[in-house]
Amino acid sequence: MSPAYILKRIVLVGYTLLVVSLIVFAITQILPADAAVMMLGENATAEALSALRAKMGLDASIWAQYGHWLAGVLRGDFGVSMRTGQPVGPVMMEALGRSLLLALFSIVLMLVLALPLGIIAAVRRGRIADLLVSVISYIGVSLPEFVTATLVVLVLADWLQWLPATGYVPLTENPLQGLRHLVLPVLTISVILIAHVSRMVRSELVDVLHTDYVRAARLKGLPKRTVLYKHALRNALLPTITIVALDIGYLLGGVIVVEEIFALPGIGRQLIVAIQSRDLPSIQAGALIMAATYAIASFLADIAYARLDRRIQYD
Amino acid sequence: MTPILDIAGYSLDYATPAGFTRALDAVTLAVAKGEVLGLVGESGSGKTSLAWAIMRHLPESAREAGRIRLVDKELTTTSEAEIEAIRGRRIGMVFQDPSTSLNPTLPLGEQLAEVLEHHRGLTRKQAWAEGEAMLARVGLKVPAEMMRRYPHEASGGEKQRVVIATAFACQPECIIFDEPTTALDVITARQILDLFGELQAETGVASLYISHDLALVSRVANRVAVIHRGRIVEQGKVEEVFASPQDAYTQKLLAAVPRPDHRLIEAGPGPEAKVLVEVDKVSVRYGRKPFLAKLLGRENTQFTGNRDVSLSVREGEILGIVGESGSGKSTLARALTGLNPFEGEIRFAGRPIGGLKDMDRAYRRDVQIIFQHPDSSLNPRQRIREILSRPLALYGTVEQREDAKAIGELLEQVRLPAAYAERYPHQLSGGEKQRVAIARAFASRPKLVICDEITSALDVSVQASVVELLVDLQKRFGTAYLFITHDLNLVRQIAHRIAVMYRGDLVDLVDVADLSGGQVHAYTRSLIEAVPAPAAPASELPRI
Amino acid sequence: MIELLRRVLRSPQGALGLVLVGLILLVVILGPWIAPYDPESLAPLQRYKPPSALFWLGTDQYGRDILSRLLHGARATVVMAVFATALGTLAGAVIGTISAFLGGRSDEAIMRTVDAVMAIPSLLLALLIVNLLGKSSWNALLAIAIAFTPGMARVTRSVALAVRKQDYVNAAIARGESARFIVWREMLPNVVAPIIVEMTIRVAFAVMLFATLSFLGLGAQPPASEWGLMVAEARRFMHLSPWMILWPSLAVAFVAIGFNLLGDGLRDALNPRT
């Protein structure tokens, strides 16, 4: 892997964030909400409003406002929440931490389940096991998070009373309770991921198992297991890395719904609250941080891919 | 002498939804120690099925009868576990295309050493040392480095040497060679053949050499078996089979092999004939300067397809262009048809063509191109009728456009039934599709037809009939051809003059008669020497 | 068309998908007529009824018949999703085709920007847009269409580039065909098939996204019987009468499964070489 390749990827991450910041700023700035009115209330005097606008820089041109905002973001200053009056950055970053924990658990669960399911389906292609995995994954990709959440809450929290339905306890405070509260959200998010990734692993592996080099390895007398794990899986999992990276974007969307349903104070929940209360700085910060998370994840996936597949050097 | 590999009355069927289809029918053959048996057949003849059957690599839908014996071991009834111990150790296999038969994500050395570890119980270190010695033995210059390289870092010839080293690694009693040179360039193929000859003589391994190429088999094998639709139609000593083939199919196959001494066309147009097209110092460059490379002050990575190529074709002349893959012969064809921008000048019937904008209606009508793969050159969503109606709509006469039978006539011209007009390309065989492409090219009555490797995806007998068709059409319409191919024997049969290209340069342009004996470029000479002499009736061919 | 149907029916996914989507279309067309009750008539005496012979799927907190609400809501959910997907596909196809056609640096610039937009999760982008435009079904439709556009642009571009490299296009250029003919007759029929497949699968995704927006209170508004909204409203009564939340949830999943299956079946059927 050449430094030029890494440099190019880094430049692309920067470009992505620039475009996202423009879109986010454009969308929030055209929002039909007057920040000053929101802060001072409907009955504020005209003088007070214009004074506040001047103070917030709202009377400057759109580009000047964007520049001002971007300069702040680059210094790590996302502005002050219009709802709470607190600086947005630290609040969002703390929320992001909780969401990442949720995402991390979900990805681990996904890998633990999706890889074996995909491999079994591919190896036993056309058999009952394959059909079963196929049915599970069709159902899995077709369940929106709010439906899955409903079902797991109904069964695991309501009927069986095994787990708490909502709420959040920090792991540092009470690890056991914290984990118990995370189980349902993690399950909910993983369902779609497991379904999607196991399908991808299956189809990639089926393709790889039909390649000449896998046949050649078998005909060299290597046992099935060696051929599967050493020759086939390696090549089948490479494209899966890209799929998982793409799915992280989807996962982040799912986080919004799941955190809302389970009252988990992550970045998704913060965003929903911000959107509902039209808290512009919070919306901007939340959206930008989410996009940055995704961009960095796919950057890491690209690098991992290039490390593992020596053929990729530039593009 | 007891044979190493002994196949008797072996039949193979595949279960399909429509019932059983027979792949092999009562095949009986044997290979003794030190012997090379050539198995010759066209695609779909069952030759590869036989290789899979010997290697015990059959799909679940397979039904077998008869026996396959390796020395004392009956393979058809051997358990999976035992077969795994036999594969790679007692029977080796060399595959057709080294670029697909090696795992792209493992180092070459690993793919060789794992066999030694598994079958001979060597430690990893021993296996790598032994592997290095093997690579040296198959003629690789820097074996230690080659062990560490990945497949994409080695050339086709180097990779095939690694595959051969792997097959010989455990000193097997029998090795199956499945078209081991088909995917390689002519000169590389010749070197691999030489290596095969050496190793075979040295180890005395019983070899089953599978190929579609009669000429090649005549040089490497002691005995030959001809397979057709799953049946061995003829078997015997190479000299005898080639000198007096008994079976009708063998005769047909032998007749189809291109032979340079067997000219298919009459003498070319004399010097008085008008020059139809002149290519004057044409260069083609691919790719653009990468932005980042420029920024970092790196070298221009643009790739040159053609460098100052100059040649001319006279009216009614067939000019052959030969060269290996990447030599720039197709690039020239694309430049001539406006598919690539080029520098330099092309003159057509005296008219200068400086670039795409000069290729007007008349030029497009007069210059037609036929591509290598009809699967790609015929739109899969159009019926043959629509495909053939386009050149008529653009360049046909009014009567042709209104005549409902015009399409049928075009089809009959290439000896296809008129009823094919209503079919889709995927309903036709490879040879038939290529005939449709030919019909499309000739519909506008062009003066020059560019044939870009048009027979290389076809079987020998199909190739022969397509070539015969082209020769006929040339006689009938006096069309000039630019016949691009990698098959020197074929082009010597039908070209008046031959241009040789190497890495983007035109290195030779000679009359066919001057090719052997005359003053030619060193590369041309090595090309001629590398091509296996065809299976001529002459039995005193030099043997490898 | 009949040939295509026959080919779709050949694969198990295609056959099942076709049946499911056929059923869904029937409900969309006939739903309001076959519904046993008025979906919005309140019946205070019939609240929280479990499924019974009278109310097959039970009643909700206002005593409204859930089956009737589902049958009416099919239009709101499915038709909107199909429209949103079609709109997003069209916009994406235009951008993707232009990008593939321009090639070189412009292509790279367009595609890098498309990639950048895709860094915003679809749901988030849709949320932001709905919030900008105001809560309503139509705005949700528009938001989903916009959220789908970059993805469809990518798909279209890669398909168009693959087709552009085929020799039948080269043959047409060498033959001197007009650009119009090449695009419409040679390229388009081969580009459209994979896009239809992608689009069908995306309808499933759109149904889910649309229901999610309504669930979050940003799509359809009460008293509409959009399925996502029904789930959101039923959440409060989940412990009391779980069927209220179960039926609309399953309906969304059912539609998504149908379109997913049909998409996969179409993929096999539209491959001209099988």
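Each chain gets a letter, A, B and so on, in the order its sequence line appears, and its residues count up from 1.
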Subject >> Contacting moiety of A/L151, where chain C heavy atoms sit under 4.5 Å >> reply: side chain
Subject >> Side-chain heavy atoms of A/S21 within contact of A/L70, under 4.5 Å >> reply: yes
Original post:
Side chain, backbone, both or neither: which part of A/L143 has an atom under 4.5 Å from a heavy atom of chain C?
Top reply: both
Original post:
Should the pair A/D130-A/R124 be classified as a salt bridge under the 4.0 Å nitrogen-to-oxygen rule?
Top reply: no
Subject >> Atom group of A/Y138 that falls short of 4.5 Å from chain C, counting heavy atoms >> reply: both
Subject >> Heavy-atom contact with chain A under 4.5 Å, split by part of C/A251 >> reply: neither
Original post:
Where the side chain of C/S225 meets the backbone of C/L70, is there a donor-acceptor pair that is under 3.5 Å apart?
Top reply: no
Original post:
Distance under 6.0 Å and angle within 45° of the ring axis: does C/R202 meet both against C/F148?
Top reply: yes
Original post:
Which bit of C/S122 comes within less than 4.5 Å of chain A, counting heavy atoms only: side chain, backbone, both or neither?
Top reply: neither
Subject >> Residue part contacting chain C, namely of A/L12, when any heavy atom lies under 4.5 Å >> reply: side chain
**OP:** Below 4.5 Å from any heavy atom of chain C, which atoms of A/I272 appear? Answer side chain, backbone, both or neither.
**Re:** side chain
Original post:
Who among C/A232, C/S249, C/A126, C/P248 has the most heavy-atom pairs with chain A under 4.5 Å?
Top reply: C/S249
Subject >> Counterpart residues, side-chain hydrogen bond (donor to acceptor under 3.5 Å, both in side chains), relative to A/T188 (two or more places apart) >> reply: none
**OP:** Using non-hydrogen atoms and a 4.5 Å limit, figure out which bit of C/A211 sits close to chain A: side chain, backbone, both or neither.
**Re:** both
Original post:
Given a strict heavy-atom distance threshold of 4.5 Å, which part of C/F259 is in contact with chain A: side chain, backbone, both, or neither?
Top reply: neither
**OP:** Ignoring hydrogens and angles, tell me if any N or O in the side chain of C/S99 forms a donor-acceptor pair with the backbone of C/I95 under 3.5 Å.
**Re:** no
Original post:
Checking C/Q221 side chain against C/G219 main chain: does a donor-acceptor pair fall under 3.5 Å?
Top reply: yes
**OP:** Answer with side chain, backbone, both or neither: which region of A/I192 has an atom nearer than 4.5 Å to a non-hydrogen atom of chain C?
**Re:** side chain
**OP:** Measure A/I275 against the heavy atoms of chain C and call it side chain, backbone, both or neither at under 4.5 Å.
**Re:** both
Original post:
Counting heavy-atom pairs under 4.5 Å to chain A, which of C/V231, C/L246, C/L250 comes out on top?
Top reply: C/V231
Original post:
Taking NZ, NE, NH1 and NH2 as the nitrogens, is one of them in A/R199 or C/D264 under 4.0 Å from a carboxylate oxygen of the other?
Top reply: yes
Subject >> Contact winner vs chain A - C/L216, C/V252, C/T212, C/L209, heavy-atom pairs under 4.5 Å >> reply: C/T212
Original post:
Which one, C/A116, C/P12, C/G217, leads in non-hydrogen pairs under 4.5 Å with chain A?
Top reply: C/A116
Original post:
What part of A/I261 gets closer than 4.5 Å to chain C, counting heavy atoms only: side chain, backbone, both or neither?
Top reply: both
**OP:** Heavy-atom distances under 4.5 Å only: say whether A/V141 touches chain C with side chain, backbone, both or neither.
**Re:** both
Original post:
Which one of A/L271, A/T150, A/L252 has the most heavy-atom pairs closer than 4.5 Å to chain C?
Top reply: A/T150
Original post:
So does A/L74 have more than 12 non-hydrogen atoms from other groups sitting under 6.0 Å from CG?
Top reply: yes
Subject >> C/R10 bridged to C/D268 by N-O distance under 4.0 Å >> reply: no
Subject >> Short side-chain to backbone donor-acceptor contact, C/T77 and C/A74, under 3.5 Å >> reply: no
